[in-house]
Q: 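I'd like to ask some things about the structure below.
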Amino acid sequence: MLTEAIDAGRLHLRPDNPYAGRRIVYHGHCHQKAEVGTAATVALLRRIPGARVTELDAGCCGMAGSFGFEAEHYDLSLRIARDRLVPALATEPPTTAVAATGVSCRQQIGHTTHHAARHPLRLVRDALADPPGHRGGNGDVAGG
């Protein structure tokens, strides 16, 4: 588990990471909430040094996987998103990082708000310290 590796000192996150001093809001995928909960993801995000992490209590994004992409369900998916999720994110400034585990959640957030949501693991990756003896770039793939 990543939190264990961070806590044991096997994985290092930079104090000067891009999220230090910033707010991170996390929206859990409905399936995740129902099956295993979101506590482990929130705990991982809270390991990012200097970040202020809040889990949104914003219900469902409305996508339900591919449901919201289907023409006959698109308007309904937007109504569901606009019920709680969109208003919760509308008050967040552009400096707030938005994390969401669900692919469809990230897409819906991108379509309905001024935020681009990223998977929590991408935020952790951004905060990683280079391993000792590391030289060169961060290994990022273009578009990745």
Side-chain angles (χ1 to χ4, degrees), residues 1-69 73-74 76-144:
M1 184 167 228
L2 289 175
T3 53
E4 292 170 2
I6 294 166
D7 293 347
R10 294 188 310 272
L11 189 64
H12 301 280
L13 302 180
R14 297 188 330 262
D16 65 339
N17 69 77
Y19 307 104
R22 290 177 59 194
R23 180 171 158 86
I24 297 172
V25 294
Y26 170 65
H27 174 74
H29 190 282
C30 289
H31 186 77
Q32 176 189 12
K33 292 176 197 176
E35 291 293 320
V36 297
T38 57
T41 304
V42 172
L44 177 62
L45 288 169
R46 288 190 172 141
R47 298 304 195 280
I48 298 174
R52 298 181 315 275
V53 178
T54 300
E55 182 173 12
L56 293 176
D57 181 15
C60 179
C61 76
M63 288 297 280
S66 63
F67 175 87
F69 285 116
H73 301 130
Y74 182 71
L76 176 59
S77 79
L78 290 177
R79 285 197 312 270
I80 293 168
R82 290 178 181 142
D83 182 47
R84 291 175 56 197
L85 179 60
V86 171
L89 291 173
T91 62
E92 295 293 335
T95 55
T96 297
V98 178
T101 43
V103 172
S104 54
C105 299
R106 293 191 303 271
Q107 291 172 337
Q108 185 79 311
I109 290 167
H111 292 169
T112 58
T113 74
H114 63 273
H115 292 283
R118 300 179 71 214
H119 194 281
L121 290 177
R122 292 186 62 119
L123 277 65
V124 171
R125 182 192 68 181
D126 292 346
L128 283 175
D130 288 333
H134 179 268
R135 293 183 184 165
N138 65 3
D140 200 3
V141 177

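Here, residue 1 is the first one in the sequence, and each next residue gets the next number. Please read all numbers here as calculations on a predicted model, not as lab measurements.
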Q: With a 4.5 Å limit on heavy-atom distance, are the side chains of Q108 and L78 in contact?
A: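 Yes, their side chains come closer than 4.5 Å.
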Q: Mind listing the closest non-hydrogen atom pair of T96 and H115 along with its distance?
A: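 The pair with the smallest heavy-atom distance is O-ND1, 3.7 Å.
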Q: Search all heavy atoms of P15 against all heavy atoms of P49 and return the closest pair with its distance.
A: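 Nearest heavy atoms, P15 then P49: CA-CB, 3.9 Å.
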Q: For a quick test of reading the model, state the closest non-hydrogen atom pair linking P87 to A81 and the distance between them.
A: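 Shortest heavy-atom separation between P87 and A81 comes out as CD-O, 4.1 Å.
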Q: Distance from L128 atom CG to L11 atom CG, nearest 0.5 Å?
A: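 Here the interatomic distance stands at 5.0 Å.
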Q: Taking all heavy atoms of G59 and all of H27, pick out the closest pair and write down the distance.
A: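 Minimum heavy-atom contact is O-CE1, 3.0 Å.
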Q: Is any side-chain heavy atom of L44 less than 4.5 Å from a side-chain heavy atom of L121?
A: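 With C-beta onward as the side chain, the pair touches.
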Q: Got D57 and R84 here, is their nearest side-chain heavy-atom distance under 4.5 Å?
A: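 Yes, side chains in contact.
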Q: To the closest 0.5 Å, what do you measure between NE2 (H12) and CD1 (I6)?
A: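 Here the interatomic distance stands at 10.5 Å.
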Q: Could you measure the distance from the CZ atom of R52 to the CD1 atom of I24? Nearest 0.5 Å is fine.
A: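 Output value for this atom pair is 9.5 Å.
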Q: Under 4.5 Å between any side-chain heavy atoms of R125 and R118, yes or no?
A: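 Yes, their side chains come closer than 4.5 Å.
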Q: Identify the heavy atoms of S77 and G62 that sit nearest to each other, and give their distance.
A: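 Scanning both residues completely, I find the closest heavy atoms to be CB-O, 3.0 Å.
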Q: So, does R47 use its side chain to make a donor-acceptor pair with the main chain of D7 at under 3.5 Å?
A: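 No, because the side chain of R47 does not come within donor-acceptor range (under 3.5 Å) of the backbone of D7.
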Q: Rounded to the nearest 0.5 Å, what separates atom CZ in R82 from atom OG1 in T113?
A: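 OG1 of T113 is found 11.0 Å from CZ of R82.
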Q: So D126 and N17, side chain to side chain contact (heavy atoms under 4.5 Å, CB included) or not? Walk me through it.
A: CA-CA 7 Å; D126 292 346; N17 69 77; over 6 Å; no
Q: Could you tell me whether the side chains of T41 and Q32 share a donor-acceptor contact shorter than 3.5 Å?
A: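 There is such a pair (donor and acceptor under 3.5 Å, judged by atom type) between the side chains of T41 and Q32.
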Q: Do the side chains of L56 and L89 get nearer than 4.5 Å, heavy atoms only?
A: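 Yes, side chains in contact.
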Q: Does any non-hydrogen side-chain atom of E92 lie less than 4.5 Å from one of V98?
A: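 No; the side chains remain at least 4.5 Å from each other.
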Q: Between atom CG of L45 and atom CG of L123, what is the distance when rounded to the nearest 0.5 Å?
A: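 With rounding to 0.5 Å, CG (L45) is 6.5 Å from CG (L123).
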Q: Is a donor from one side chain sitting under 3.5 angstrom from an acceptor on the other, for T54 and R23?
A: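 Yes, side-chain donor-acceptor contact under 3.5 Å.
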Q: Going by heavy atoms in the side chains, are I109 and C61 under 4.5 Å from each other?
A: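 A side-chain contact under 4.5 Å is absent here.
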Q: Is there a side-chain contact between V53 and I48 in this structure, where contact means two heavy atoms from C-beta onward sitting under 4.5 Å apart?
A: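 Side chain of V53 against side chain of I48, heavy atoms only: no contact under 4.5 Å found.
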Q: Give a yes or no on whether the backbone of A88 and the side-chain of T91 come within a donor-acceptor separation of less than 3.5 Å.
A: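 Yes.
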